[in-house]
Amino acid sequence: MLKKVFFALFVVAIAACGSKPRVNLDAEVGALQPTAEHAVIAKDVVGLFESVSYKKVPFNDSISSIIFDNLINAVDQGKNYLLQSDIDEFEQYRGTLAQDFRDGDLSAAYHIFNVYLERYLGRLDYAIEQVDAPHDFSVDEVYVYNRENENWFASEAEADEQWRKRVKYDLLNLRISSDGSDSTAAKQKETLTNRYKNLISMAKKTDNNEAFQVIMAALTDAIDPHTSYFNPYFAQRFNEEMANTFEGIGARLTIENEVVKVADVIVGGPVYREKALQIDDRIIGVAQGEDGEFEDIIGWKLDHAVTKIKGPKGTVVRLKIIPAGQELTAEPKIVSLTRDRVVIEDESAKREIKEVVGDDGKTYRVGIISLPKFYIDFEAYRRNDPNYKSTTRDVRLLLDSLKQDSVDAVVMDLRFNGGGSLQESIELTGLFIDNGPVVQVRDTRDRIEVNSDRESGVAWDGPLGVIINRFSASASEIFAAAIQDYGRGIILGSQSYGKGTVQSAIDMSRVISPIDQLSLKAHANEDEGLPAGAPQFGQINITLAKFYRITGSSTQHKGVEPDIVFPSVYAADKYGESSEPSALPWDQISATDFAPVADLGSIIGQLAAKHQTRMEDAPAYGFLLEDIETMKKQETETSVTLMEEQLKKEREENRLKRKGRTEALQQLQINLPRSGATTAVDEGLDFIQEESLAVMADYVALERK
């Protein structure tokens with residue numbers, strides 16, 4: 001699955017070079033410090049990279065330099081906080097960070113993070129001062145909101161000037177959306193002040209584990225873009241996302257003004273079944289079991305609060321609630337909930353049917369299965385739970401229902417599907433082919449294993465289409481490539497991501513020596529607690545293999561090229577594996593022995609010709625090209641005017657343009673040559689999907705001939 005860690009960083013790891021005296025973090029007032037556990041984890045992660053990682057990276061000065069750059073990038077990619085003098089002071093660590101990680105010395109890395117955090121808080125304090133300062137919105141000034149290509153601040157005065165404009169821009173945004181009255185102006189200042197204060201409050205709650213997560217990301221990204229260390233909290237969240245299930249109360253939570261708030265209720269969970277909570281309810285206390293004491297969680301970090309609220313299936317948690325709309329001083333109500341396994345249905349496979357009128361005047365029914373990711377509940381699978389949740393099991397049921405509804409074709413929509421379980425991509429392919437090889441995997445010793453579908457029979461043998469885009473990655477690419485190589489279906493869309501590597505999740509308790517574990521447990525802070533079921537020392541998702549198509553070609557960098565091509569809004573040089581500096585290269589191995597289902601070359605040529613003719617005549621195609629040009633333009637823009645009238649004029653022009661476009665798209669949708677559409681007009685027009693359905697109608701018609 002594509003990497004989902006909270007800082008956007010691109011980092012590279014570890015060097016064998018001369019060390020230096022440790023940074024004295026004790027001398028930094030209030031500084032975050034690495035724990036003994038962090039030191040051991042860092043050393044052992046380095047050991048994994050040197051012994052088992054697929055990419056053999058020499059731990060030298062150049063790698064150390066990349067770690068350094070990536071750590072700076074991680075904390076202040078936009079160059080909004082640090083000064084040039086800070087960067088100059090940090091330069092002494094450029095050549096030594098790699099050896100520091102190997103030694104378990106994280107003092108330099110924490111020093112960099114601490115300086116960043118100090119600057120961050122200082123900037124926000126200054127911003128609060130500027131809220132009440134006079135601002136002239138008629139002066140011709142420009143605010144540079146994207147400073148990535150700018151120089152670091154040469155002085156405090158230069159940083160102050162940038163943040164004066166930042167505050168002015170934030171106020172201007174609030175002014176434009178208001179009626180301009182004096183009372184409203186006061187409210188705007190109050191709103192902005194509270195926004196900055198909330199940011200300060202959250203930043204002050206940053207703990208050493210969060211700093212460690214950022215620092216370790218700087219290390220792991222040095223090896224490749226998909227190797228990641230996750231602390232226990234993030235490890236649990238990653239594993240739950242892979243499973244599409246978790247054990248808890250069935251609510252998504254957020255923080256607002258230092259209070260935990262219900263952001264969403266998950267259908268089917270305990271909260272939903274018992275109607276115990278509603279959106280915007282605030283949780284101010286948590287107690288375990290029927291008679292446990294309440295803990296006040298106001299001011300807690302969200303992950304700590306969530307750890308207390310979630311828990312094993314069948315256990316009881318009691319919550320102290322301030323209902324939505326009531327003051328925080330209101331009498332709280334007590335809610336008792338029995339935790340259960342919750343299925344995240346909105347990220348599971350879904351189906352719909354659309355009817356399309358083909359060029360031959362006939363109406364065709366096309367079943368669409370949207371698949372956001374390749375998921376499997378590994379824990380339930382390992383327990384031999386007969387009801388374990390997985391992509392293939394869900395899709396098989398959906399295919400059965402589509403057959404009962406007499407569809408003429410099926411489309412698998414894998415756009416923005418970042419991947420997931422390799423096992424599931426193989427088994428899902430097996431629903432459409434009658435056993436045979438699906439993907440080849442080469443490990444760190446250059447051994448090649450052919451992974452095959454071994455189950456006879458198919459769940460769907462009719463016309464098949466697969467839609468992909470630049471963010472279809474990994475398991476999505478394995479599936480799409482196999483369907484294409486077997487001639488089993490038509491691939492539509494734009495070039496996929498190009499992630500051709502395989503990661504394995506390793507619990508760090510399997511890596512850290514028993515002696516070290518005993519020592520760390522003896523000094524652990526019992527009050528912090530761990531999320532239920534989370535690995536105590538976190539986990540490393542490390543690249544241990546590379547996968548190849550059954551033709552022998554890697555999807556690494558190149559991805560999967562569609563049979564029917566659509567222009568892409570997302571440029572390949574900015575998005576995808578080829579944009580990652582530490583990504584592995586493309587290569588090729590021998591093809592495996594497989595028997596194609598069909599040769600679709602001739603029919604693809606006919607479909608492409610019909611598709612191109614339709615595209616040239618379709619008004620919606622013009623909107624797609626317009627989106628591409630807009631994206632290119634936005635990527636070059638870095639600043640905005642601070643003149644109120646000019647900004648109002650620009651936004652009104654953009655609003656009218658968007659309104660006209662929306663109305664035109666809605667009219668196009670109403671006039672679509674199909675019946676029985678399930679998409680509501682106000683949801684807009686998905687041109688890529690609509691044209692893909694037209695291609696599938698052509699496909700069915702040609703096959704029947």
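Reckoned from all heavy atoms, side chains included, excluding hydrogens, waters and symmetry mates.
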Can you sort out the partners of [X] under side-chain hydrogen bond (donor to acceptor under 3.5 Å, both in side chains), two or more places apart, ordered by chain and number?
| X | result |
| --- | --- |
| D461 | none |
| S370 | none |
| D563 | Q484 |

message: Set out, in order, the CA-CA distance, both residues' side-chain angles and the distance that settles side-chain contact (heavy atoms from CB on, under 4.5 Å) for F537 and H38, then state yes or no.
response: CA-CA 9 Å; F537 303 107; H38 295 156; over 6 Å; no

Less than 6.0 Å separating the ring centroids of [X] and [Y]?
| X | Y | value |
| --- | --- | --- |
| F212 | Y229 | yes |
| Y486 | F594 | yes |
| F68 | Y93 | no |

Residues in salt bridge (charged side-chain N to carboxylate O under 4.0 Å, His left out) contact with E455, at least two apart in sequence or another chain: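 Here the qualifying residues are R396.
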
- prompt: With R614, which residues qualify under salt bridge (charged side-chain N to carboxylate O under 4.0 Å, His left out), at least two apart?
  reply: D359, E691, D698

Taking atom types as modelled and ignoring hydrogens, do the side chains of [X] and [Y] form a donor-acceptor contact shorter than 3.5 angstrom?
| X | Y | answer |
| --- | --- | --- |
| N209 | Q213 | no |
| K354 | Q689 | yes |
| T543 | D224 | yes |
| E577 | H226 | yes |
| N541 | S228 | no |
| T501 | K55 | no |
| S456 | N435 | yes |
| Q440 | E449 | no |

State the [atom1]-[atom2] distance between [X] and [Y], to the nearest 0.5 angstrom.
| X | Y | atom1 | atom2 | answer |
| --- | --- | --- | --- | --- |
| Q503 | Y54 | CD | OH | 12.0 Å |
| M412 | R415 | CE | CZ | 13.0 Å |
| F687 | L624 | CZ | CG | 6.5 Å |
| I368 | S692 | CD1 | OG | 9.0 Å |
| I628 | S568 | CD1 | OG | 6.5 Å |

Could you check if a side-chain atom of [X] sits within less than 4.5 angstrom of a side-chain atom of [Y], using non-hydrogen atoms only?
| X | Y | value |
| --- | --- | --- |
| S476 | Y497 | no |
| I369 | L399 | yes |
| F374 | Q423 | no |
| L492 | V466 | no |
| M216 | V45 | yes |
| D413 | L371 | no |
| L71 | I215 | yes |
| N239 | F378 | no |

What's the shortest heavy-atom distance between [X] and [Y], and which atoms?
| X | Y | answer |
| --- | --- | --- |
| G104 | K43 | N-CG, 3.2 Å |
| V52 | L544 | O-CD2, 3.2 Å |
| S474 | G419 | CB-CA, 4.1 Å |
| W460 | V410 | CE2-CG2, 3.6 Å |
| D76 | L82 | OD2-N, 2.8 Å |
| I478 | S425 | CG2-OG, 3.6 Å |

Checking [X] side chain against [Y] main chain: does a donor-acceptor pair fall under 3.5 Å?
| X | Y | value |
| --- | --- | --- |
| N244 | E347 | yes |
| Q556 | L584 | yes |
| S452 | R454 | no |

Charged N to carboxylate O under 4.0 angstrom, [X] versus [Y]?
| X | Y | result |
| --- | --- | --- |
| R393 | E427 | no |
| K499 | E477 | no |
| D485 | R549 | yes |
| R445 | D443 | no |
| E379 | R382 | yes |
| D394 | R351 | no |
| D69 | R94 | yes |

- request: Evaluate whether atom OH of Y381 has more than 12 neighbouring non-hydrogen atoms of other residues, nucleotides or ligands under 6.0 angstrom away.
  value: no

task: Walk me through it: do D377 and T245 pass the test side-chain hydrogen bond (donor to acceptor under 3.5 Å, both in side chains)?
output: CA-CA 7 Å; D377 188 343; T245 65; 3.1 Å; yes

field: For D587, all residues meeting side chain to side chain contact (heavy atoms under 4.5 Å, CB included), sequence neighbours excluded
entry: R442, K546, Y548, S554

Verdict with reasoning, S553 to Q588, per side-chain hydrogen bond (donor to acceptor under 3.5 Å, both in side chains): CA-CA 5 Å; S553 175; Q588 190 164 7; 5.2 Å; no

CA sep, side-chain torsions, deciding dist, call: S578, K558, side-chain hydrogen bond (donor to acceptor under 3.5 Å, both in side chains): CA-CA 8 Å; S578 55; K558 290 189 175 183; over 6 Å; no

